[in-house]
Amino acid sequence: MAPPTFRHRFVTAGTAAPHSVPAGELWLDVGNAAAEGVYDHHQGGASSTAALVMDRATEIIARTAGSRELTLVSHTAPDLDAVTAAWLVSGLAGARRSPPEAALHRIVTAVAEHDQGHEDDGPLDQNLGMVFNLLLLDAADDTDRMARGMALLDNIGRRMAGGCGLAQAVAAEGLGPRIAAEAAAYAIDRAEAECFPVLLPTRTGGARACDVLAFVDPRCALLKHFARRSHDGALLVSWELGGSPPEWRHIVSVDPDSGLTLERLGDALERAERAVEAASTVPLRPGRHPVAPGRGRFGGDLPSPWYDGRGHRHSIVDSPSIADPARPRCASLLSPASIRETMRRIYPRTPETTAR
């Protein structure tokens, strides 16, 4: 039997999958559930969706067997984890040749490390996440992003099948000069960044004094990669999205290997977001309308609250997903100043504060 053809559909991050996913459909890195046909690590329990697909490969093979067409549902602006999950599914369904199992596991491990925010100190052009992000910078749309990302993984898998290690297979893309240009852009961003002190909780129940490096509308497309290599505190990156009232995309993160955590920050920012919404004369945006308690994302009362990082060991906090069909986006009404104020309030650090 011929392998199935694939159709990709993209939904806003945080969208809940139907209670019963139709045959011939799989939800990847989105779905807000742990159920058959839904493979979304954001509920916790897996380091990445790619790893989840590998763990549940037998189930996926059975679910896709005999299908002539498969629909893969993932979030808008699919990232390395979502693209790799789709690439793995297409291999399990027989639609593409997969590299040897050892190479697959090495790729999936690298993807999980990238998705959790780990940053190694190896050569920049051998960094899978960095190369992926650069190659997809000028993608025309989500379908193009998916196609380009899967083509990259095909190339890497083919090189590894021929005897290359992962680092050499990634470096063969030849992006050294483009990465050097991004490094120059980061140097300008770093000079303009604001730094402020906080006392962040640790995974062992204590707290540690550190600094937050805050960027607004950075030039560098690989900012997190460069910042992680030189800064051991927290990062706050804000992009202005426009609109009236103005919207912002904010991402706060810490190195997952640092022992630090951003617990409580997602909840605090969600409360601040609701206060701004309540004071606004503008209607609530799609995904921000309350639902019955327990019916929202993470068992709450909203389809799209602030992401609190539970699928990333609370090492990242991200803006709400706005389910606007005309313009799906992650967007907050909070300003960068409001984010900084909230962080200083819930993680206060005075000159007398010491790490403990």
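- Put simply, the side chain of Asp189 gets close to the backbone of Cys220: a donor and an acceptor are under 3.5 Å apart.
- When hydrophobic residues (I, L, V, M, F, W, Y) are linked wherever their side-chain heavy atoms come within less than 4.5 Å, the members clustered with Trp248 are Val216.
- With sequence neighbours left out, Thr64 forms a side chain to side chain contact (heavy atoms under 4.5 Å, CB included) with Leu26, Ile60, Leu70, Ala93.
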Begin from the C-alpha positions of Arg145 and Asp141 and carry the test salt bridge (Lys or Arg N to Asp or Glu O under 4.0 Å) through to its verdict.
CA-CA 6 Å; Arg145 281 183 66 87; Asp141 53 25; over 6 Å; no
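- The side chain to side chain contact (heavy atoms under 4.5 Å, CB included) test applied to Ala151 returns no partner, not counting sequence neighbours.
- Applying the side chain to side chain contact (heavy atoms under 4.5 Å, CB included) criterion to Ala167, with sequence neighbours excluded, gives Gln126.
- A salt bridge between Asp257 and Arg228 is absent, with no side-chain N of the basic residue lying under 4.0 Å from a carboxylate O of the acidic one.
- Residues Leu260 and Cys210 come closest through the heavy atom pair CD1-SG, 4.2 Å.
- A chain of hydrophobic side-chain contacts below 4.5 Å, direct or via other Ile, Leu, Val, Met, Phe, Trp or Tyr residues, connects Leu200 to Phe196.
- The number of heavy atoms from other shown groups lying within 6.0 Å of CD (Glu59) is above 12.
- Heavy-atom minimum distance, Ala82 versus Ser74: CB-CB, 4.4 Å.
- Asp29 is listed as a side-chain neighbour of His41, based on a closest heavy-atom distance under 4.5 Å.
- In this model, a donor atom of one side chain and an acceptor atom of the other lie less than 3.5 Å apart for Arg96 and Ser90.
- Between Pro218 and Val237 there is a side-chain heavy-atom pair separated by less than 4.5 Å.
- When only modelled atom types and interatomic distance are considered, Asp115 and His312 share a side-chain donor-acceptor pair under 3.5 Å.
- For the atom pair Gln116 CD and Asp255 CG, the distance stands at 11.5 Å (nearest 0.5 Å).
- Considering only heavy atoms from C-beta on, Leu265 stays 4.5 Å or farther from Asp308 through its side chain.
- In this structure, CD1 on Ile61 lies 5.0 Å from CG on Leu92, to the nearest 0.5 angstrom.
- Side-chain atoms of Ser332 and Glu273 include a donor-acceptor pair closer than 3.5 Å.
- For residues 75-88, no pair satisfies salt bridge (Lys or Arg N to Asp or Glu O under 4.0 Å), with sequence neighbours left out.
- Taking the ring centroids of His42 and Tyr307, they lie under the 6.0 Å cut-off.
- For Asp138, the CG atom is densely surrounded, since the number of other residues' heavy atoms within 6.0 Å is greater than 12.
- Using a 4.5 Å heavy-atom cutoff, the side chains of His250 and Pro336 are in contact.
- With hydrogens and angles disregarded, no donor-acceptor distance shorter than 3.5 Å links the side chain of Ser280 to the backbone of Val276.
- Applying side chain to side chain contact (heavy atoms under 4.5 Å, CB included) to Trp27 and the options Thr71, Leu72, Asn32, Val21 leaves one that passes, Val21.
- Screening residues 243-253 for salt bridge (Lys or Arg N to Asp or Glu O under 4.0 Å), with sequence neighbours left out, gives Glu247-Arg285, Glu247-Arg327, Glu247-Arg329, Arg249-Asp318.
- Residues Asn133 and Leu222 have side chains in contact (heavy-atom distance under 4.5 Å, counting atoms from C-beta outward).
- Considering every non-hydrogen atom in both Asp40 and Thr49, the closest pair reads CA-OG1, 4.0 Å.
- What you find for Leu241 and Ala331 is that their closest heavy atoms are CD1-CB, 3.7 Å.
- At most 12 non-hydrogen atoms from other residues, nucleotides or ligands lie less than 6.0 angstrom from CG of Asp232.
- In this structure, CG on Asp142 lies 13.0 Å from CZ on Arg9, to the nearest 0.5 angstrom.
- For Asp217 (side chain) and Glu240 (main-chain N/O), a donor-acceptor pair under 3.5 Å exists by modelled atom type.
- Side-chain atoms of Leu284 and Pro290, non-hydrogen and from C-beta on, do get closer than 4.5 Å to each other.
- Atoms SG and CG, on Cys195 and Leu236 in that order, are 11.5 Å from each other to the nearest 0.5 Å.
- For residues 203-226, the pairs satisfying ring-ring contact (aromatic ring centres under 6.0 Å, His included) are His114-His225, Tyr186-Phe226, with sequence neighbours left out.
- Atom CD of Glu101 sits in a sparse spot, with 12 or fewer heavy atoms from other residues, nucleotides or ligands closer than 6.0 Å.
- For the residue pair Thr12 / Thr15, no side-chain donor-acceptor distance below 3.5 Å is found, with atom types taken as modelled.
- Leu262 and Leu334 end up in the same hydrophobic cluster when Ile, Leu, Val, Met, Phe, Trp and Tyr side chains are linked at under 4.5 Å.
- Val73 and Phe6 fall into different hydrophobic clusters, where Ile, Leu, Val, Met, Phe, Trp and Tyr are joined by side-chain heavy atoms under 4.5 Å apart, directly or via other members.
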Run the side-chain contact (heavy atoms from CB on, under 4.5 Å) check on Leu302 and Val291 step by step: do they pass?
CA-CA 6 Å; Leu302 275 184; Val291 295; 5.9 Å; no
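- Counting all heavy atoms, side chain and backbone alike, Pro328 lies closest to Ala326 at CD-C, 3.9 Å.
- The stretch residues 191-201 participates, sequence neighbours left out, in these side-chain hydrogen bond (donor to acceptor under 3.5 Å, both in side chains) pairs: Glu192-Arg219, Glu194-Arg340, Glu194-Arg344.
- Hydrophobic clustering places Leu153 together with Leu166 (ILVMFWY residues linked when any side-chain heavy atoms are closer than 4.5 Å, directly or through intermediates).
- Every residue was checked against the ring pair (Phe, Tyr, Trp, His ring centres under 6.0 Å) condition with His314, not counting sequence neighbours, and none meets it.
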Between Ser315 and Arg203, does the side-chain contact (heavy atoms from CB on, under 4.5 Å) criterion hold? Intermediate values first, please.
CA-CA 10 Å; Ser315 65; Arg203 300 192 192 286; 4.1 Å; yes
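- Listed by first and then second residue, the salt bridge (Lys or Arg N to Asp or Glu O under 4.0 Å) pairs involving residues 259-271 are Glu270-Arg274, Glu270-Arg288 (not counting sequence neighbours).
- Sorted by first then second residue, the side-chain hydrogen bond (donor to acceptor under 3.5 Å, both in side chains) pairs that include residues 161-184, not counting sequence neighbours, are Arg159-Glu173.
- Looking at heavy atoms from C-beta onward, Ile107 lies in side-chain contact with Trp87 at the 4.5 angstrom threshold.
- When the side chain to side chain contact (heavy atoms under 4.5 Å, CB included) test is applied to Asp120, the partners found at least two apart in sequence or on another chain are Asn127, Arg229.
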So Asp211 and Arg349, salt bridge (Lys or Arg N to Asp or Glu O under 4.0 Å) or not? Walk me through it.
CA-CA 10 Å; Asp211 292 328; Arg349 176 177 153 198; 3.3 Å; yes
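- Nearest heavy atom pair, residue Ser98 against residue Leu104, reads CB-CD1, 4.2 Å.
- Transitive grouping of hydrophobic side chains (ILVMFWY, heavy atoms separated by less than 4.5 Å) keeps Ile346 and Ile316 in distinct clusters.
- Taking 4.5 Å as the limit, every side-chain heavy atom of Val252 sits out of range of all side-chain heavy atoms of Leu235.
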